[in-house]
Structure formats: C-alpha cells, structure tokens
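Below is one structure, written out as structure tokens; comments come after it.
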Amino acid sequence: MIITIDPTTLSSHFESKDAEESWGQRWREWGTHRFDEGGRGPTYVIDTPPPTVSGSLHVGHVFSYTQTDVLARYQRMRGKNVFYPMGWDDNGLPTERRVQNYYHVRCEAHAPYEPGLEVAMADDAGRKRPPRRVSRANFIELCLALTAEDEKAFKTLWQRLGLSVDWALEYSTISEASRRAAQWSFLDLHRKGQVYQVEAPTLWDVDFRTAVAQAEVEDRPQKGAFHHVRFGVEGGGSFVIATTRPELLPACVGVAAHPEDERYRALFGKRAVTPLFRAPVPIFASELVDREKGTGILMVCTFGDATDVQWWRERGLALRQVVGRDGHLVHVEFGGTSFPSLDPTRAKAAYAHLAGKTVREAQKAVVDLLRDPSGCPTGEGLAPLVAEPQPIEHPVKFFEKGDRPLEFVTTRQWFVKVLEHKQALVEAGDRVAWHPDFMRLRFRNWTENLNLDWCISRQRYFGVPFPVWYRVGADGATDFSSPILADEASLPVDPMTAVPPGYAEAQRAHPGGFTGEADIFDTWFTSSLTPQIATGWTRSPERHRRLFPMDVRPQSHEIIRTWAFYTIAKAWLHEGQIPWRNVAISGWVLDPDRKKMSKSKGNVVTPMHLLDQYGADAVRYWSLAARLGTDTAFDEKVFAVGRRLVMKVWNAAKYALSQEAADGPVSHPLDLSFLTRLRETVEKATAAFEDLDYAGALDSVERFFWSGYTDNYLEMVKARARSEEDPAGRSSAVAAVQQGLSVILRLLAPYIPYVTEEVWSWGFARTTGAPSIHRAPWPSAADFAGAPGGAEAGSAFDAACAFLEAVRKAKSASGATVGRQLAKLRVATSPPTHARLTPCMADLVSAARADGEVLEPREGMEDGAFEVMEIVLAEKPPRTAGA
RNA sequence: AGGCGCGUGGCUCAGUGGUAGAGCGCUUCCUUGACACGGAAGAGGUCGGUGGUUCAAUUCCACCCGCGCCUACCA
C-alpha cells in the first residue's frame, strides 16, 4: 500500500527534544515496553545492572546502559516478551559516605531513635561543627531519603535516553523484597552448610572499621623502607632481619628462613630474642621464604601480611594483636603470658612509646627507639637498627574505597564457602557465553586464584542485617556458637529491633537473654541476587522458574571478580544453576587522554547537555557504534555523526513517503535487485544481533542505508517514481522505496528509537497495524516475499551503483556537478553487465542526467567495471532569479 | 612476573589467506525538486618488527617491541 503524507511535513524539521518528550509519554501510555506477566510466548530476560545511585551520573552510564537497551529493543521486535527491569543499588558504603557528607552526620549504633528527626543539608558553617550523632534507624531514614532523590535523577536520564525499561519492574537493593531475598539466601546457605562464622585474622579497613572481602582489595604502589634490625639468639649470637613494618616488632611471634639457607641453618629450633621487647620467639624453616629478599631471614608478626597469617595458622604461633580496629596500637601489657618478655621493664617502657599511636606514628617512634643502643638484644651496646632505612616502593593492599592500607585484625566474621567450590564455579562460568569470549578468562583466572572464602559481614549501618541473634549466657557473655536464626516467614527482620522466637524485648542484652547480630551483609551479598530479586524468587517460585536462568547479564569488566563471580556462586550454591546464559561485557569510556572516566579523577563528562545539544538518538548512536568489551575514547564528533544519521533518516523518509503512485507490486528488475541486497543486509544484521554484536549490525545497516539507499537507489528511481508514461514502473519504484524505508526504519529502530518512531507514525503505523515501530516485527523473509534470493539477483543493483559512481567521477573530473545535464554520454562495460543493466537503462539514463542509450558492451572488460568513453556537458541553463 | 587484549591513512576504529575499508579531519567543487543539521569528487596507508607455513600473509604460527587491562607480588 502506497503511503502519501501531508505535504506540510515536507517543510518540517526534526526537533529531538519534542520527540523525546512526546514519544516517551506515548510509550508509557501504550505500555510499549511492558513485560507481559501472563504472556505465553518466549521471554527474553535481562539482569540489568543496578547503578550505584550515590555515584555521579556521567557518560559512562549512558554508554553501557544504551548497549543493553538496544538488545532489549531488538528482542522485543523479534516478538519476545522482554523482561527488562531497573534496579537501584542504594545500600552500602557509597550511600553512607554521601549521607555523612550531605547532612554532616555520623551514625551512632547505640544512640536512641528520634522519631520525626529532620536534618537539613549541611552548609559550610555547619560542616565546621562536629557532626551530629544519629541513631542507626535515623541514619537509615536519611539514607533512604537521599537515595530516593538520586534515583529520580537517574530515572529522568534513563527515560530521556529512551531506555525501554519496564518501570513496573523497578526495584532497589535496600527494598523490603531485596532484604528478604538476601536474608532468605543467608538462611538457605546456612541450611546447606555453606556459611560459617569464625574468629580469625581478617582483612580490615581501619577507617571504615569494617572487614572487607578479597574481591574488594586492590594493590597500590606505596613508598616504604626496608629496616635492617638486629635480633638476638637465646644462648648467644645474633642476626639481622629486614622489615618494612618495624612498628609490628611488638607483635613478632616468630622468625623464619629458608630451610636450605646455610647462613641460618644453625638457628632453626632455637629461640630468637626481639630487640626492645626482648620477647623470645621460635626460629623455624619455611619454603615460603625468599632467600634473595632482604637478608633472607624475616620476622613473623600477627599480622603483617597474608603469609604471616598462614604461618600463624600452620605453626600454631602465638597471637599478639597490637593494631586495633581503629588503626591505632592498642594498650598491651608486656611481661605476662600474652606478651612475654625476658626484660618486662624495658619492654613496657618501649611499648609506652607506641601505645595509642597510629601505625604510621608508631613506625617513626619505633625506629627512634631502635637507633638507641640500649635497645640492643645482645647487650653489646650496638643500636638494633644496623643501617639507615632503605627506601623502596612496594605494592600494598588497600580496600578499593579506602585511603589507608588494610590490616589483618582478628575479629569474628561470617563467610560463605567458595574455596572448596572453585572447580565447580570455574565450570559454571564456562557454561556461560561471554561476549566477547576472552572475558571468560578473567573470570576463570580470578576464580582459580581465590585464596580466601567470601567474607560477607560488614561492621556498617546502611545495609541488610543478618537475620541472626545470639544467646547471652548467665555470665553475660555472648554465645556465638549456636546462633538463633530468624524464621523464613518473618523476613525481612532487623535483629536489633526484632526479638527472636521465645524471647521478650526486655531480655535484650541481659544475662540469660539474647543479643542481635549488629553486622550487615556485604552489599555484594545482596547484589549477587539481582536475578533472584527481579524474578521474585522468594514470593513466586513459579515466576522465578519461568524467568531463571536469565538470558543476559550486561556489566563492565572490572566487576567480573565481584558481581559476576558472586552471582554465579549464588546461583550455583542455591540451585546448582548458572544465573544467565550470556554475559555482555561493556567497555569503558575513556577521556581523550585515554584515562578511564571516574569521579575521583575529576574527568567525568555529564550527559545532559549532550542530550540537549545532539538529541538522545545521536547520543545513543555514539554508544552503539562501540563494540562490546571495547573501551571508547570520548569524542564529541561521533555525536555529530549520529545527528547526521538521524537527519538523513528524517529527510529520506520525507522523500519516500511523499511519492504518489497507484498501488502495485514491486516488479521492476532494478527494484527487485535492490530488495535482494536489502534482504542480505537484514540477514547480516540479524545474525550479528543474535551474537549480541549490535555494533556490527549497525555497521551493516548504516552502510546500506547511506550508500545503497540514499546515495544510489533513491537517485536511480527518482524519475521513474514520478513518471507519467510508465505507471507500472512508477508503482514498482514507489512501493520499493517505501518498502525499503519500512525495513531500514525497523533495522534502525533499536538504535535511534525516537526519529524512527516519528517517521513510522507518518504512515506505517496505520498500514501495518503496529502503532509503535518498537512493537513492529523485526524485518525477516516475510518482508521480501516478492524479491528473488541468491547472489546473482542483487548484481544488477550493484552494477547500477557502480555505473552511477563512474558517471559521477567523470562529471566531477569535467568540472561539473552531479545534477548537470549531459549532452552526450557513452560508457563501456562487459557484455554480461550490459545485459544485466539493459532493463534498467531508463533509470540509469535519468540518474546520469543524460539522453538515449548510454551503455555499450565491450569484450574483455571485467564484469561490473565501467569506463566512461565520452562525456559532453550540456550548456548551463541560464540562472533564474529568486525562488 | 604470569594471563588477556590491542598495535591498520593526521585522528577514531572496522575488516580479510588472493587489488586495503569507513567516519572525522584535509583539498577542490556544488544551494540540484528529501536533505547546507546537506551533497559530489579527490589526496592520504610497505596493515608495529623479524622469522616461518603457503603458489599467495595485513590476515595463520613463533619470537620480539610498544601500549592497555586483569591477576600475583607488604618479609
């Protein structure tokens, strides 16, 4: 059916901002993006990454979320019932930190709740005063209030950008449903014997005062120094160790050297005597000691590093924890059983210089003491520090969000068993299709090299609490050995306010009573359940079964070791499943200097002005021209390219839909040949999309649209499309032009949803019965019922394009424009090509602005090649004034 | 130190066992009836280096160099 639009449209321009507003509105009214809960057809389920709402919005968000949206839109057009939720990650440290700064408050776990507390945003004057102390419940209220604001900003951007999220599926990681899911998960893992708690040395951030997991640890190069310190040997003699952490000298519990190191062999089995503190400690042999490093003999402390922890465990060494939870050295008593000393008076005097100091301060202090010969362990009157410290740079473990090095601190923490499932988890990861494929190695690499179980308890406030209480004995001591677990039906619970079964609130923290677990879960403990939260695991097992495993998890590569790993671990531990069939790894947006954009680097570009300037479609184009897994440098020129595509679509559509002709079939050989090539483009794009390669699909489509459709095909058939003499040819041309437009619009709809929808509404919405292009069927064989297949069928179109190109080149060389009339044109080509183009001669002649037969066969020419033999420009018509 | 990725015209990036591609930028030209938020033509590359396999290598293999990321490395 030929569509003819109102001629006033011909003079209109595309206003992207208006289109974004009005189409966004209409899509909501129409429910265009809605997931059909009762739908029976195939589903496509997306595990959308919940953005951290307290972070700053920047173009990186636009980039990766658009890459997910294009997949959703494609699948929806394929007829899938698309499940595309949006979650907000609002719990956790980033929110706490933002709330602390924004309101200038601190959480005081045991402060009483103040109902109706109102705290305004802090001003500069307010920030100079000490922060206000608020209860945990009040603090959480502030977190919720602020994240609600942040979520609004994200939602506004997402809608403007045209993310086809079903907002009925919105969730947040602190919501009741998420808390229930996380606690449910904990109870299930507890039942399965996959969680345990233990009092043990744990990676500890002294500023946040919480335990952290291996996955949240990163190495940073730090300046330090080797300190060469003389130790004594019981019964006489001495040796020199090298250490970067002399402040841990009071925590020394042993000395180790390599078993085959001749220098120290004689010492094994003897006891060393530490300088200053005069503590006798065992000297033992260990293969883990590097003979080349330092002096080849080292002190073992509780705890300087992970190897210390290992030796402490394996050798049953003493525990002498001197670094406290706040990063200051705690007060200890030398001379007793915990901190033995051969000279308690001296030891106490030395430690008095260190107690209460930060690790840094203590290091300075201890070095000063070591310079003093009176600290000499051998009594020879030599300074224990045998040389000036040698500056080095070495990697030090930090919490990824922290500012000071991590310490190992002995605390009671909950863990999920992952080490014993390494192999199974590696295999689970291998059953997932990674895009790009090599990203699976990151997962495997991380999983195979794990060396700590997953620490899931955090000593923080804004998060999901453990559904756990402990009995308090008659002596007032808490019994951690047999926790009281919440009942599944009672979830979510907060053990700080809720009471365990069989107890009364009055018994809280009293002898013979109970106490609630004060810790909250690692945020990843909740985030690793996004598939379960979205599918409704805890409230509708049937719906969960229908949607799980999901189809795709989009995410970025730096959180493979956290989000991807934990999600796979949870799915495996709970259900023995993989959580999704595909992982789509997006790249990073780099600034023009090739650095990753991040708030801390101060190089972020915010997206709103880009949307205002170029329009959402153009911004989306930039995001979608980048392939999965590939980092992209931020380059505003690409937005301009997207903008150009949008305008070209608009203008080509104006032309295609303003043609008038009688209804008729596509019958002309050139038109059929054009459709054949278009069909191949559809096949290519579809194959690429099936492999999640939206960028490859865009490349094919865009190429064909520009050079096949607008530059060539439209030019070739322009004359025939308004011919009075050839009604059948005219119908064929207009029908093919419009059919081509319909197909191309649908191919581009996932990328540039606004302009394609606008154009679709001019006529196709009515003729196809699909009010929205985004619910129209993805182009397929059905669109090409009349067009022949096979490589040969498209060759007439190829040859016609090549012919036009040759003529344009010749015209340009003669100093003429494309539109210039020709008095004479003779072009040679091979006989087969000539034969192929004979039925299209009229189109070629008019496109070339020539007259009569212009193409002649010549033996020996390559098929598809053209040679312009003669070209004579017509006289320029006299210029007419005005228009 | 190991693993992975990348190295293609000035820039950003596709691609392929058989004459090297796009966009931007640049040069020249054009307000032609969908489009100046346009259009046409053109210049510009020994596809990081060295070997090997092959009739043929930018493409496959090995080694090397440079860049990036991930992992490891606190004595």
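Protein chains get the first letters and strands the later ones, always in sequence-line order, with residue 1 at the start of each.
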Completion exercise
Per nearest nucleotide of RNA chain B, the residue lying toward the 5' end, A:Trp446 or A:Leu441, is A:Leu441
Practice task
Answer yes if the ring centres of A:Phe284 and A:Tyr264 are under 6.0 angstrom apart, and no otherwise.
Solution key: no
Practice task
Name the nucleic acid region contacted by A:Trp650, choosing base, sugar-phosphate or nothing; use a 4.0 angstrom heavy-atom cut-off, strictly under.
Solution key: nothing
Handout entry: Aromatic contact, A:Trp588 with A:His557 (centres under 6.0 Å)
Key = yes
Exercise for the section: Using the six-membered ring wherever Trp is involved, compare the ring planes of A:Trp454 and A:Tyr566 and label them parallel, tilted or perpendicular (cut-offs 30° and 60°). Expected result: parallel
Practice task
Check every atom of B:A14, B:A34, B:C74 against the side chain of A:Lys654 and return the nucleotide holding the closest atom.
Solution key: B:A34
Exercise for the section: Anything under 30° is parallel, anything over 60° is perpendicular, the rest tilted; go ahead and classify A:Phe705 against A:Tyr709. Expected result: parallel
Problem - Pairing pattern in dot-bracket form [Watson-Crick, G-U; both distances under 3.5 Å; | = partner strand] for RNA chain B - result: (((((((..((((....[..)))).(((((.......))))).....(((((..]....))))))))))))....
Exercise for the section: Salt-bridge test for A:Glu660 and A:Arg722: reply yes if a basic N is under 4.0 Å from a carboxylate O, no otherwise. Expected result: no
Fill in the blank from the handout: Of B:A72, B:C35, B:C24, the nucleotide closest to the side chain of A:Lys637 is B:C24
Problem - Distance flag, aromatic centroids of A:Trp312 and A:Phe303, threshold under 6.0 Å - result: yes
Problem - Phosphate-side-chain proximity, A:Arg808 and B:A40, N/O vs OP1/OP2 below 4.0 Å - result: no
Exercise for the section: Kindly indicate whether the side chain of A:Asp219 and the base of B:C73 share any N or O donor-acceptor pair separated by less than 3.5 Å? Expected result: yes
Fill in the blank from the handout: Of B:C74, B:A14, B:G5, the nucleotide closest to the side chain of A:Phe438 is B:G5
Handout entry: B:G2 versus B:C60 - spacing of their C1' atoms, nearest Å
Key = 25 Å
Fill in the blank from the handout: Taking B:A41, B:C73, B:U71 as options, the one with an atom nearest any side-chain atom of A:Pro395 is B:C73
Problem - From B:C73, B:C69, B:A72, nucleotide with atom closest to A:Gln214 side chain - result: B:A72
Problem - 5' precedence on RNA chain B between A:Arg722 and A:Asp290 (nearest-nucleotide basis) - result: A:Arg722
Practice task
Please work out if A:Phe14 contacts a base, only the sugar-phosphate, or nothing of the nucleic acid, heavy-atom cut-off 4.0 Å.
Solution key: nothing
Exercise for the section: Look at all strands and tell whether A:Asp308 reaches a base, only sugar-phosphate, or nothing, counting heavy atoms closer than 4.0 Å. Expected result: nothing
Handout entry: Ion pair check, A:Asp843 and A:Arg720, cut-off under 4.0 Å
Key = yes
Practice task
Could you work out the separation of B:C13 and B:G5 based on their C1' atoms and round it to a whole Å?
Solution key: 15 Å
Problem - Given B:A72, B:A34, B:G39, the nucleotide with the shortest approach to the side chain of A:Arg644 - result: B:G39
